[in-house]
Undergrad: 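This structure is in structure tokens; I'll ask about it shortly.
It should be emphasised that the depicted structure is a prediction, and the values quoted were computed from it without experimental measurement. Side chains are part of it too, since the values below use all heavy atoms of this structure and drop only hydrogens, waters and symmetry mates. Counting convention: from 1, in listed order, for ligands and their atoms alike.
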Amino acid sequence: MAQRPYIVGNWKMNGTRAMLAEARAIDRGSERYPGVDIALTPPFTLIAALRDAVNDIGVGGQDCHVEAKGAHTGDVSAAMLLDAGAEFVIVGHSERRADHGESNQVVQAKALAALEAGLTVILCVGETESVRDSGQAETFVSAQLDASLPRADGAAERLAVAYEPVWAIGTGRVPSLADIGAMHTALRARLVAAYGDAGKDIRLLYGGSVNAGNAGEILKVDAVDGALVGGASLTAVSFLSIVAAAGEAEAA
Ligand code: PGA
């Protein structure tokens with residue numbers, strides 16, 4: 001792990017105000033891991049309340065619109081996320097790509113809009129199972145990354161990338177450590193090709209069924225700088241055990 005580890009919990013469409021207790025517990029627990037950057041992305045409805053409830057952890061959104069404002073019923077802009085207390089946003093999550101038909105071009109526009117509004121960005125990429133089975137995963141994900149990356153001055157400094165194989169999300173299945181390492185190495189090369197030396201410092205997270213049992217070995221893979229965690233981020237106990245594994249991997 002070359003960078004400071006970054007562990008991000010993605011609550012997806014989970015959480016009402018009752019869940020703020022978990023966020024507070026995560027925030028308090030984070031004091032034990034000063035070497036780890038920790039953040040949560042609650043649903044939009046909880047961003048402001050969660051921001052008020054925590055002191056040390058980061059708060060982000062799960063998506064934003066490409067426009068700053070306008071007639072887009074049900075959507076939320078990057079500026080609104082910032083105003084609600086978020087400092088970053090996830091773009092290109094596979095559930096957005098699949099459920100809302102978001103193309104690489106749309107994802108790229110969202111990333112640029114977020115940067116322009118003053119947010120940092122976690123950009124997600126990942127292959128489906130059929131692409132993995134065809135042996136084309138690295139080619140596919142590299143092309144997806146190339147087409148989704150925000151190309152703007154200073155973008156690399158405010159960007160993280162999450163490799164999340166679609167078939168590993170919420171399934172309990174994870175790629176082999178060798179496959180994770182190989183994919184991250186391939187993506188690092190794309191980032192350096194896109195941004196030069198600045199691409200070396202962009203944090204590359206792994207996501208997809210990360211849990212307390214497998215986080216330690218995944219986070220010790222050299223090319224992995226952190227994790228994007230869905231299901232296991234919903235309770236303080238399970239999320240903090242992943243944070244603890246990141247702390248150990250960092251110290252190793
Ligand atoms: P999961 O989700 O940890 O529940 O597999 C990860 C994600 O979709 O970010």
Side-chain angles (χ1 to χ4, degrees), residues 5-15 19 22-23 26 36-44 46-47 50 57-64 81 86 88-102 107 110-111 114 120-129 131-132 137 141 144-145 148 159-177 179-180 183-184 187 202-219 221 224-246 249:
Y6 190 24
I7 307 295
V8 181
N10 175 11
W11 282 3
K12 308 190 178 184
M13 199 173 71
N14 296 288
M19 283 266 294
E22 297 298 328
I26 290 167
V36 183
D37 290 338
I38 305 165
L40 290 174
T41 63
F44 295 142
L46 283 182
I47 288 176
L50 198 146
I57 64 171
V59 181
Q62 299 172 12
D63 176 52
C64 65
L81 293 178
F88 73 97
V89 64
I90 295 172
V91 298
H93 191 283
S94 63
E95 287 153 14
R96 298 287 319 173
R97 291 178 185 263
D99 295 356
H100 300 268
E102 293 186 7
V107 171
K110 288 184 173 200
T120 61
V121 168
I122 299 178
L123 170 64
C124 299
V125 290
E127 82 284 0
T128 59
E129 185 154 34
V131 171
R132 170 60 63 179
V141 179
Q144 197 183 31
L145 182 70
S148 307
L159 182 67
V161 170
Y163 166 55
E164 298 204 301
V166 177
W167 53 272
I169 293 177
T171 60
R173 296 162 58 210
V174 294
S176 69
L177 300 180
D179 283 348
I180 294 173
M183 181 64 80
H184 279 223
L187 297 181
I202 294 172
R203 288 189 285 197
L204 267 170
L205 317 182
Y206 168 78
S209 294
V210 176
N211 59 40
N214 61 24
E217 57 181 18
I218 292 171
L219 292 165
V221 174
V224 174
D225 303 313
L228 183 54
V229 184
S233 71
L234 295 174
T235 69
V237 170
S238 60
F239 190 57
L240 286 171
S241 61
I242 294 167
V243 172

Undergrad: Does at least one non-hydrogen atom of S209 fall below 4.0 angstrom from an atom of ligand 1?
TA: yes
Undergrad: Is there a side chain to side chain contact (heavy atoms under 4.5 Å, CB included) between I7 and V210 once you walk through the steps?
TA: CA-CA 11 Å; I7 307 295; V210 176; over 6 Å; no
Undergrad: Pull out every atom of ligand 1 sitting under 4.0 Å from any heavy atom of E164, numbered as shown with elements.
TA: 6 (C), 7 (C), 8 (O), 9 (O)
Undergrad: Under a 4.0 angstrom heavy-atom cut-off, which atoms of ligand 1 come close to K12?
TA: 2 (O), 6 (C), 7 (C), 8 (O)
Undergrad: State whether the side chain of W11 and the backbone N or O of S233 hold a donor-acceptor pair below 3.5 Å, judged by distance alone.
TA: yes
Undergrad: Strictly distance-based, threshold 3.5 Å: is any side-chain N or O of Y163 a donor or acceptor partner for the main-chain N or O of P165?
TA: no
Undergrad: Checking the side chain of E22 only, and the main-chain atoms of T235 only, is there a donor and an acceptor separated by less than 3.5 Å?
TA: no
Undergrad: Under a 4.0 angstrom heavy-atom cut-off, which atoms of ligand 1 come close to G208?
TA: 5 (O)
Undergrad: For E95 and ligand 1, does the shortest N/O to N/O distance drop below 3.5 Å?
TA: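 No: no nitrogen or oxygen of E95 is under 3.5 Å from one in ligand 1.
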Undergrad: Look at the side chain of Q62 and the backbone N and O of N10, then say whether any donor-acceptor pair between them is shorter than 3.5 Å.
TA: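 Pair absent, no side-chain N/O of Q62 close to backbone of N10.
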Undergrad: Considering only heavy atoms from C-beta outward, does the side chain of T41 approach that of I122 to under 4.5 Å?
TA: no
Undergrad: By number and element, which atoms of ligand 1 are closer than 4.0 Å to a non-hydrogen atom of G230?
TA: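 Ligand 1 atoms under the 4.0 Å threshold to G230: 1 (P), 2 (O), 3 (O), 4 (O), 6 (C).
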Undergrad: Take D37 and R203, measure what side chain to side chain contact (heavy atoms under 4.5 Å, CB included) needs, and give me the verdict at the end.
TA: CA-CA 11 Å; D37 290 338; R203 288 189 285 197; 2.8 Å; yes
Undergrad: Check whether any heavy atom of G170 sits under 4.0 Å from an atom of ligand 1.
TA: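 Judged by the 4.0 Å heavy-atom criterion, G170 does count as contacting ligand 1.
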Undergrad: Using a 4.0 Å cut-off to any heavy atom of N10, which atoms of ligand 1 qualify?
TA: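 That gives atoms 9 (O) of ligand 1.
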Undergrad: So for ligand 1, is G231 a polar contact partner (N or O within less than 3.5 Å, distance only)?
TA: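 Between G231 and ligand 1, an N or O pair is found under 3.5 Å apart.
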Undergrad: Just which atoms of ligand 1 are under 4.0 Å from any heavy atom in H93?
TA: 7 (C), 8 (O), 9 (O)
Undergrad: What verdict does the side chain to side chain contact (heavy atoms under 4.5 Å, CB included) test give for H93 and E164, after you've listed the backbone C-alpha separation in whole Å, the side-chain angles of each residue and the deciding distance to 0.1 Å?
TA: CA-CA 8 Å; H93 191 283; E164 298 204 301; 3.2 Å; yes
Undergrad: Residue-level breakdown please: for I169 versus ligand 1, do any non-hydrogen atoms fall below 4.0 Å on the side chain, on the backbone, on both, or on neither?
TA: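 Both backbone and side chain.
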